[in-house]
Structure formats: C-alpha cells, structure tokens
Amino acid sequence: MNKKNAARLGAGALAVALALTGCAGSGGGGDEEVTLHVFTFGFDKTTDKVFDSFTEDTGIKVVAERVASDQFPSVLQSRVSAKTDLDLINLRGGSEFNKYAEAGTFADITGAKYLGNVSKGAIQNGIFDGKSYGFSMSSYVVGVYYNKDLFDKLGISVPKNWDEFTAAATTIREKGNGVAPLVASAGDSWTNQYYYHNAIATFANENPDFMEQLKTGDATWADNPMMLTQFERFQDLVKSGDFITGAQSLKYTDAQAAFGAGKAAMWVMGSWGIGGLTPAGFTPGAFALPINDANQPTAVASSLSDNIVGATSWSKHPKEAQQLLEWLTTPAFANTFQERQGIKSTVAGIDAPYSEFQGGWDALFPDSVAFPPNVGPSVNGEGPAVIGEILAGTLTPAAALDKFQALQDSDNLTGY
Amino acid sequence: MTITTSGYPRRKAASSGLRALVLAVALVAIIGPLALMVITSLKTQGEIFTSPIALPAAPSLDNYVRAWELGGIPAKALNSILVTVGSVGIATIAGACAGYVAARIRPRWVGGAVTAIFAFGLFLPAQSALVTLFVQMQQLGLTGTLWPIILVDTATQLPLTVVIFAAFFASLPEEIEEAAFVDGLGRFGVLSRIVIPIAKPAIATSIILGVVAVWNEFFVALIFATDPSLQTLPIGLAAFRGNFATDWGASLAYSTMVAVPVLILYVVLQRYIMDGVASGAVRG
Amino acid sequence: MTSPTDTAVNSSQSAGPADRTLTREGGGAVPRRSRFEWTFLLLALPGLAIYMAFLVWPVLASFIYSFTRWDGINEPVFAGLTNYQRLFSDRQYGQALLTTLAFAAIILVGQVSAGLGLALLLNKARRGTSLMRAAFFTPALLSTAVIALIWGFVYNPLVGVTPLIAQGLGATTGPLADVLGNASSAIWAVSGVVIWQYAGYIMVIYLAGLKNVPLEVYEAADLDGATGWRRFRSITWPLIAPSTTVAVTISLAGNLKLFDQVFLLTGGGPAGATDTAATLIYRTAFSNSNYGYSVTQSVILTLLTVVIVIGQRALASRSNK
C-alpha cells in the first residue's frame, strides 16, 4: 500500500513535469521565412524600426535584442558559451571583441566586398590575428562639450592649453552664477576615462610599440608621462571645487541631463553623448581636451571606432547573416542609423545629419588620433575607477598610477 | 500558534503617547518612500524637477500610459505570471513532500540529513554558476522557453520551502497520523488527506515568500530571457530604465505596476503570513 | 533575500510524541515505522532532484574553474593553486571582504533593533495594530529593482529628496547633498536601504517569539517591581533569544552575499567604498574577463559565510542552554 502510493506519487510528479515541458514551447519558429537574431548593447530606442527596410527588401525578418551595458558582458558570455540562436552580435571593440574573436565566435569575412564601404579604421578594429571578423559601425571622437552661450557671456575663448582650461573653469566658478565648471559622473565608472583618453591615444600613436611592451612587461604605464600629469591635473580640478555637487554618484545620463539643463558648463565625454542631448536654450560646442602645456602645440582629440558587428560562426543562416552585414554598410542603412541614433556612421559618403549640434564634433575628427584597441580588459574596465578615487579623495595621483599598472599586471598574468 | 496575549500591563498615558509618536515616525520612514513612488508617478516631468516632494497639482495617468505602451508590460506580465505560478507551484508541492519526509522518516538522522542537504542551498551563490547553468539548459534543449527560469527559480526556492514545511510538520502531533495508519492509509494517503489540509499556514507562507522571490528575481531571468518575448517584469523595468533613464515619472509608474500584484496577493493572504513567516522560524 | 531558517535543529528538537514507543491498543507494535522506509524517501525525490540538478550541481561544478585561468569563453588552462595564492595577497579582495563584514554588521544591528523595536511596540493588540504590522512588512515584498529605483530617486543629488534636506539645513556640499557619492555616507545610505527593506520581516519573527513569552512571567516581575529597561533586559530579551538567533542567521546569510542593492545603487562606488565581495566577484568575472579567479573569490566567500553562520549558531545554542 505504502509502496504503491509513493511510487504513484513519484510517477505522477514526473508525468506532470514532462507534460509541462511538452507544452512549454515559446511558439517562436517561423515556417519558411528566415528570422535573424541580432544581439546588441546599442540600437536603443530604434531597435524595432531600424531593420524594417531590410525586411521590406529581402523578406528576412530581424529580431534585435538589447541588453543594458552593465549587464551585457554576463549575458553575452552565457549566450556565446551555449552558442544560442544568434546570427549577428554587436559588441564593444577592443578587449571585449578580441576575447570573443579568439574564441572563434565570429565567421571569417576576410576580403568581403562590402568591407570596402566602411572606413579603414572600422575594418582595422574588426581584425583579429590577421583575419576580419567584423567591422565598426560607428566613429566617435572624445573631447569636451561646452556651453557656447555661457562662454561668450563670460568672455571665455576655447582653451588651447591646460592653463587656459583651468582658467576657464575658474572664471565659470567665480562668475558663472552657480553654474558648475564641470560635470562628471563617477556613478558610472567608465565615464571617468575621458580625462586621460587622448593622453593614452597620443602617446601610443607616437610610440607604436608601447602597448605591446606593456603586455610583455618591457614598459609600464609610468613610461607614459602624460598619465601621471593628467591624474595630477584632475586632482587639482577636484581641489579647486570645479565639479558639480553629486559628481561622485551621478550616472552617465544624469551628467548628460545636467549639462543639457545648463547646470554645468563643460562635460568631458565622447561624441555619442550628443544623441539624446537636449540643451536648454543654449548652443553646445566641442573642443579637444587640451592636455598640452602652454608652450606646446594644442592637443588633438582621441577617436575610436566602436560598436563592432560580426556574424556568428554557428549561425544557421550564414547567407542571410552576410546579407544583413552587407546591408549595414549601405548608405540607406547608414543614413537612417546616423539620423536616428545620433551617432556618426563609419560608412563612407553619408550626409544625414546626426545632430543639429554636430559641427563642433565633426571639426575634431580630421586631426584626431585613434585610441589603441589592445588595452587589456582590467585596465579598460577598472582603470577609470582610479579617477573616481581621486575625485573621492582616497587616492593620490602617484598611487593611481601604481594601481593602473597593477591592473596591467593582472591582465598580463591572465594573458588576455 | 497560540492566541496573542497582551505583553505588558497598562502603563501611564505618557508612555502611550511616546509609543504613538515612535510608531508614527516609523510609519513615515517605512511608507514614505513607497508613497513617494506613487505620488511621483502621478506627476508631470516638469513637476518632478521643480517640486520633488509636493503633491501633484493635477494627478495624471500619462506616465502609466507611457510605461504601459513603451515598456511592453502586458507580455512581460504574462511571462512573470507563468514563471511565478510554475516555480512556486512546483517548489511548494515538491517542497511539502520533501519537508514531510524530513519531519517523519525513520531513522531520524535520515530526516535530519534531508533538511541539512536542503539548508546547505541557502549558502550557495547561484550567481557564480550562471554560465554553467546556461550551458546545461542549452544541452537539455530548454533555452528559448521559460523553463530554465522556472527550474532554476524552483531550485533556489526549494531550500526555504523545505525548511518551512519540515519545521511545520515537525510541530504537528503525530497521533492523528498514527490513527490514520491504523485505518490503512499509506504515507501518501496520510499526507494528501490528513496533513495537507491542516498545513494551510505553511502553504500560505511558502506561496507568499516564493511569489515575492520569484516575481522579483532578476539575474536568472536576465540570463535566460534569450529573446525579448521571454522577458519578465523586472527585466523589462531595467531595460525601460536603460532606454528612458531620466524619465523618472514613467520609470516609477512602471515600478508601481510591478509592485502592485504582489501587494494585492499579500493583502489576500495576509492573515496567514504573520503566523507563517514565523512558523518556520520561531524554534531556532 | 536569503532566508530563514533552522532546520535540522527544528526537526530534532521537536521530537515530541513521535519518540514514544509505537505500540497501540488493538494494533500491537508498528514495526515498519522504525525501519528505514525506502519508498517513503522517494517522496522527497522530485524536490531533491530539481534542487540537486539546478542549484547544487552547477554551483559545485563551477567551483572547478577556481583551479584554472579562464576568461569564460576560451579554453580554460589548468593553473593549480595559483588563483588561491594570488587571493591571499589581493588587497582589493581583502578590502571588499572588510566592507562586506562592515555592511553585515551595520545591517544586522539596524535590522535587529528596528525589527525588535517595532515588534515590542506592536505586540499588544490594539486598534490599528494589525494594519501597522502589515504596512511595516510591505518593503520586504518589493523587487530590489523597484527599491533601487525609489531610493536612487530619493538620494539623487539633482532631483532627489536628501539634497533638499541638505539645502534646508544650508549644506549645499557635504555628505547629505550627495549621499551615495561620499565614501563616508554611502555605506550607511545603502545599509539604510537594506534595513528599511527587511526591518518588517525581522519584526514578524520577533512578534512570533513574543507570543511565546507567558504573561505570568511579567506578572511575577511586576510583583518584584521590575519595570522598563530592567524588565526587558532580564525577562523579555532572554526569553526571545531563539528569535534573535533566527533573525541573526537570516540577516547574516543574506548580507554576507550582499549584491543586488549595492550593484543597483552604487555599483560599488564611490571609489570602491561600497564594493562588497559579491560585487567585486561579478566585476572580476565579467568586466575583467577573469572568470577562473572570480570563482576562486566566490569559493572563499561561500566558505566564509558558512563558517560565520555555523559559528554564530553554535555560539547561540551554547548560550541558550
């Protein structure tokens, strides 16, 4: 009796479980038409609309899935480990792309004709170990947003060296009627890095072997004298009280909103920040962060191509995936992308405006130097935190440099 | 549970006034932020910035409409309901069975071992296993459905459920069951006909704690929503925040809509919960 | 939320009637009940199977990676004990463990005193008491995503409530103007949120404990003239010791793994001031691509949690005796 009942219960539970599994299908599978799955950290508000015309032209459906950037790495890692039903992946360039390219995530597109449609830098970013696995969709340049109207009112001209930059900050602090000279957003650690971004780019550009030497241990970050200088200068800004109240906990979008609302006169950030920027009755301009001294030529901005896209090596629809990649390099798409996302596309010959305020940023592109794509994951991910610590007053510039190098050592140890 | 007895003989009016004051302060501190969420969700964007803690001049549901439409709430709510009903249902049934075994099996040490094995789960960091879990689900062919979320949520829910039921059953006198055995009922018969009907407080507790945990769960649902159509409400809320970061009104309206179903369930089951939450816990 | 309770202890302590010799009039001995019941154990099997397959096994299996160098994607490379060696000289991890302990301690004291305080105030049945109890429990029902949004709003330096208070006090800079942005206030601000979230939960545990305090004890104490604090210290507190043990266990087990609230409110900042072991582990794995090492950090955190909670229980059961 006892035995029978227990056994029956066990079997019953199993049957219920099986029955539930059976009816759990999500009802997704298309009949004959192909659906491509795109996994992305970008394509925000326009996710659904951006692919419409591709579907109209080809009959191939596209489903894009967007994951917020702070959760993106963990979700991407699971998806790639399990080789889920993904056809295209849109991820960050540099260490993130390199790691996945090494793991054989992407289909080899070396020599594909459509690569000719995008800029050289965009192709360069998608090369790993001599082969093309993708390309960058967007070009950015990093610099300083400034409130032109306020600058004019206070009689400040665009700073050409660091002294002029700090002088501008002082003028705003003293005569700006409560407007903060600078907004920072250490609540999103990555936003800190733009105070040393062109310091890395410029030095790496002048010393082409430097990044490799860092990896082999033949050089350290102390060999780039501009790093310590920038850390020190940043600390000086902090000490003079040039940052908006709340800089230590604000998020990226808060910083953008604060600059847009006219609460801060300058914002050190990349050109992507122009998408979604709504200035309250003033014209925003842009200049390169002048990390040079007074007797030196004015520093140029750092640029980066990012937003890499590639097809997965396990895609069930490799032909259609290539079709979509090719479409992403057409002017038809690039114009829409540029207009809707407010981001400058890497596709050549595009004229759709990406913002009514793009002029200042466009002017920075021609002279800019490229940020090296082979910065290690820890330096990339945790490095910006040292600026946050200087902001918080818990780290001296010298200690910040040591910490930066410690992150490099950690990357070297891991070998990525 | 025994009936509440008044703890203290009556004291002076002064202490009673002090008590009321302290309670009022505590009430404001605990309910204030929730009220702020609801109040802010009824304001316009302009009002939020100009007068953050004032009442809305003209309460408006615009934020709710915007969150509902842009946030894809209906589909996500359905997923949340399926996942919650699925995992809480399985965890409660399987947990009641295992808890009954733990409380009644002979020799006693076997029951102790069963509870100890489940209690171990309270310490396990499921987060460090997410990638492993994902690969496992893929091998089982379950990704692309809600099943991985249901199964993992069930598994993480089971330790607490078993502990609650084991403690509850252990506190029941065994005589009734003994009598039923004599009447020829087996273990399963006793469980289903005698024990379960009197286990309502434990079941209610298991359900409410399970619903709270599963309805609100974030990381498992994030990793396994391999398609936007599989997203649950908390993931939807996070995605909505990502897309409309400075739209505080709509974000807080979204939050309110995520919170309300649990609050309703709580009101319905409330009379069981006070006893229930404690029943697994009092005997430490 | 990680949660109650108390398990092996419960079932063995409440042995009660079942220990009696299983003989009855008419029925004679019931021998099968003292034997090991294989079939009865099967009843526990479905639960055990799901739990083992989808929690225990994946977690333990992933612990293997603590002996590898692995970025989570490419082939893991066996690394012996190097991850463990590195851990012992890892200052950042040490700091994160200290922060975790600080959080656990602050939250523990806050939750237990707030929960106990509320329970004492609401123990006596009066008009509105049950409504108040219900109200105090509500924060425990909400998603941390929702809670982080509410408190993120309250603490926001540009649109929030705390900067308004700061303005009211004439302090436009300093901790109150940017609660989450100051190293000195952030840990308290985040702790405050967790205390707020679960104080009602702890209150319910104490209310249950207080029910078991017999009224006669107080009457006897009244005869002795014991009042107020003395009465609480010498009578109530010892009698509700079991509830305290449970509350402490729940609080510790949950907060030594503290992740969600920190991740969503500060991300570990400012300047690492709120970085807990769990948030550091997450970043090591996913933003630094050092999955193998993150598992090592995770193994140690798990062991530490188990040791602390078991140690606390052992201490409690000794002093309760």
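Computed from heavy atoms alone, side chains included, the values below leave out hydrogens, waters and symmetry copies. Letters A, B, ... are given to chains in the order of the sequence lines, protein chains preceding strands, and every chain is numbered from 1.
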Is it the backbone or the side chain of Leu118(C) that comes under 4.5 Å from a heavy atom of chain B, or both, or neither? side chain

Tell me, do Thr138(C) and Ile31(B) make a side-chain contact under 4.5 Å, heavy atoms counted? yes

Do the non-hydrogen side-chain atoms of Met37(B) and Phe153(C) ever get within less than 4.5 Å of each other? no

When you measure from the side chain of Gln136(B) to the backbone N and O of Trp57(C), does any donor-acceptor pair fall under 3.5 Å? no

As an exercise, state the distance from CG of Leu43(C) to OH of Tyr100(B), rounded to the nearest 0.5 Å. 9.0 Å

Ring-ring centroid check Phe218(B) Phe259(C), cutoff 6.0 Å: no

Do Val152(B) and Leu55(C) have side chains that get closer than 4.5 Å, going by heavy atoms? no

Heavy-atom distance under 4.5 Å to chain B: side chain of Ala285(C), backbone, both or neither? neither

Heavy-atom nearest pair, Pro33(B) first then Ile150(C), reads O-CG2, 3.4 Å

Mind checking the CE-CD1 spacing from Met132(C) to Ile30(B)? Nearest 0.5 Å is all I need. 10.5 Å

Report, by ascending residue number, the residues of residues 303-310 of chain C in heavy-atom contact with chain B at a distance under 4.5 Å; give 'none' if the set is empty. Thr305(C), Val306(C), Val309(C)

Region of Ile93(B) that comes under 4.5 Å of a non-hydrogen atom in chain C: neither

Among Val114(B), Thr156(B), Leu158(B), residue most engaged with chain C (heavy-atom pairs, under 4.5 Å): Leu158(B)

What residue, out of Ser143(C), Ala44(C), Ala49(C), has the most heavy-atom pairs lying under 4.5 Å from chain B? Ser143(C)

Does the pair Leu36(B) and Val161(C) meet the rule for a side chain to side chain contact (heavy atoms under 4.5 Å, CB included), with working shown? CA-CA 10 Å; Leu36(B) 189 70; Val161(C) 177; 3.8 Å; yes

So do Leu149(C) and Tyr254(B) actually touch side chain to side chain, heavy atoms under 4.5 Å? no

Please tell me whether Phe120(B) and Tyr51(C) form a close aromatic pair, meaning their ring centres lie under 6.0 Å apart. no

Can you tell if the side chain of Val101(B) reaches within under 4.5 Å of the side chain of Leu41(C), non-hydrogen atoms only? yes

Parallel, tilted or perpendicular: which fits the ring planes of Phe219(B) and Tyr282(C), with parallel below 30° and perpendicular above 60°? perpendicular

Heavy atoms, side chains only, cut-off 4.5 Å: are Tyr201(C) and Leu209(B) in contact? yes

Please give me the minimum heavy-atom distance between Leu122(B) and Lys257(C), naming the atom from each residue. O-NZ, 2.9 Å

Under a 4.5 Å heavy-atom cutoff, which of Val56(C), Val154(C), Leu48(C) has the most pairs with chain B? Leu48(C)

Scored by heavy-atom pairs under 4.5 Å with chain C, the best of Ala98(B), Gly99(B), Ala155(B) is Ala155(B)

Turns out that what part of Ile235(B) lies under 4.5 Å from chain C's heavy atoms comes down to neither

Which atoms of Ala29(B) come close to chain C, meaning under 4.5 Å heavy atom to heavy atom: side chain ones, backbone ones, both, or neither? backbone

Apply side chain to side chain contact (heavy atoms under 4.5 Å, CB included) to residues Thr154(B) and Phe54(C) and explain how you reach the verdict. CA-CA 9 Å; Thr154(B) 305; Phe54(C) 300 114; over 6 Å; no

Close side-chain approach of Leu142(C) to Val212(B), heavy-atom, < 4.5 Å: no

Between Val146(C), Leu141(C), Ile50(C), which residue shows the highest count of heavy-atom pairs closer than 4.5 Å to chain B? Leu141(C)

What heavy-atom pair brings Ser62(C) and Thr132(B) nearest, and what distance separates the two atoms? CB-OG1, 3.3 Å

Minimum side-chain heavy-atom gap Leu27(B)-Phe136(C) below 4.5 Å: yes

